[in-house]
Protein chains: 2
Amino acid sequence: MSNDENKGARLSRQRETILDELRKVKTHPTADEVYDMVRKILPRISLGTVYRNLDFLSGRGVVLRLGGAGTQKRFDGNPAAHPHLRCSVCGRVDDLEWPLALPELPVEQSMGYSRLRCDVEFVGVCPMCAGRDS
Amino acid sequence: MSNDENKGARLSRQRETILDELRKVKTHPTADEVYDMVRKILPRISLGTVYRNLDFLSGRGVVLRLGGAGTQKRFDGNPAAHPHLRCSVCGRVDDLEWPLALPELPVEQSMGYSRLRCDVEFVGVCPMCAGRDS
DNA sequence: TCCATTACTAGTAATAATTCTCAGCAACCA
DNA sequence: TGGTTGCTGAGAATTATTACTAGTAATGGA
């Protein structure tokens, strides 16, 4: 966080706390889950600030914004590309604990796209949701 | 489209048209792009009907609902799992024309998740958006 | 054939997630 | 020390999606 791109950017208490809290957990919280976490430390923070900073941080590649199949976006404190498991029922996301090599796309197959990164997501039903019904 | 699960389901003119139009294109339209396409044929169709039927069809696995990094969901007339290329600027989605084998997850690595399917998405900047700025 | 049931529709209201706006405060620089 | 810029909280606005409602059409027995 100290190259030219970030010239002028300040590490406010709010921004720092959001980043800290996000790095602390292994769940992949949604914006308002982050809001709840951070509010325990900075009770007067606003939801808009959380969104603004998650946007800022993911824009800089410091955290990962997971688009995914769900309706809300989720955020990951670990910015390295790694595969996820997503529950299609409750929307929860886990890291896959298995060193799956991410597929590499040869430039001549990239159809003109640049700056590619690979998102791999396995979508299924998590143990909790599978137990609930069937 | 004729097994037990679909008992009672009817193939209305609206539903049929939505499916036809979706299968016709290689783009991966959003719900309101589908709405626009279908409206040329059935001008009185409502957006709610489009959403309802896209939901119905993707629930049955007849079409694919692509969650993805963008803000709107996109739909794919080809329900077979296959990798996509997504532009992080304009949100457009292309099929990857390269027979990339989708990674297979061994059951013992699935962390209790069941009925898994794999989504692979390469996210980058498409040629059009790359040309516009830099 | 007639009637009850069910699936579906258009239109519109409601909701949910996210982004935008704006006035004030705080850090930084000349 | 004063001006500029980045950031904030609060709340309004926007956007995508879902839910509701009343009406219509297909279906399946009596």
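Letters A, B, ... are given to chains in the order of the sequence lines, protein chains preceding strands, and every chain is numbered from 1.
Nucleotide C/dG11 holds its C1' atom 14 Å from the CD atom of B/Gln14, rounded to whole Å. Between A/Leu47 atom CG and D/dA13 atom C1' the separation is 14 Å, expressed in whole Å. For the pair A/Tyr35 OH and C/dA16 C1', the interatomic distance rounds to 16 Å; values are reported in whole Å. A/Arg44 has its CZ atom 13 Å from the P atom of C/dA26, to the nearest Å. In this structure, the CG atom of B/Asp55 is 9 Å from the C1' atom of D/dT18, given to the nearest Å. If you take CG of A/Leu54 and P of D/dC7, they are 14 Å apart, rounded to a whole angstrom.
Within the 4.0 Å cut-off from OP1 or OP2 of C/dT18, at least one side-chain nitrogen or oxygen of A/Tyr51 is found. Between A/Asn53 and D/dT8 there is a side-chain polar atom (N or O) within less than 4.0 angstrom of OP1 or OP2. At least one side-chain nitrogen or oxygen of B/Arg15 sits closer than 4.0 Å to the OP1 or OP2 atom of C/dC8. OP1 or OP2 of D/dT8 has at least one side-chain nitrogen or oxygen of A/Ser12 nearer than 4.0 Å. A close approach under 4.0 Å does not occur between any side-chain nitrogen or oxygen of B/Arg52 and OP1 or OP2 of C/dC8.
A side chain to side chain donor-acceptor pair (under 3.5 Å) with B/His28 is found for one member of B/Asp94, B/Asp95, B/Asn78 and no other, namely B/Asp95. The only option from B/Arg60, B/Lys73, B/Arg65 that meets the salt bridge (charged side-chain N to carboxylate O under 4.0 Å, His left out) definition with B/Asp55 turns out to be B/Arg65.
Here the side chain of A/Ala31 is nearest to one of C/dT18, C/dA10, D/dA16, namely C/dT18. Considering only side-chain atoms of B/Arg10, the nucleotide from D/dT5, D/dT27, C/dT9 that sits closest is D/dT27.
Note on B/Leu105: it clusters hydrophobically with A/Val120, by side-chain heavy-atom contacts below 4.5 Å among ILVMFWY residues. Tracing side-chain contacts under 4.5 Å through hydrophobic residues (I, L, V, M, F, W, Y), one reaches B/Tyr35 starting from B/Leu57; they form part of the same cluster.
Between A/Arg13 and A/Glu16 there is no salt bridge, since no side-chain nitrogen of the basic residue lies less than 4.0 Å from a carboxylate oxygen of the acidic one.
A/Thr49 comes within 4.0 angstrom of a base, heavy atoms only.
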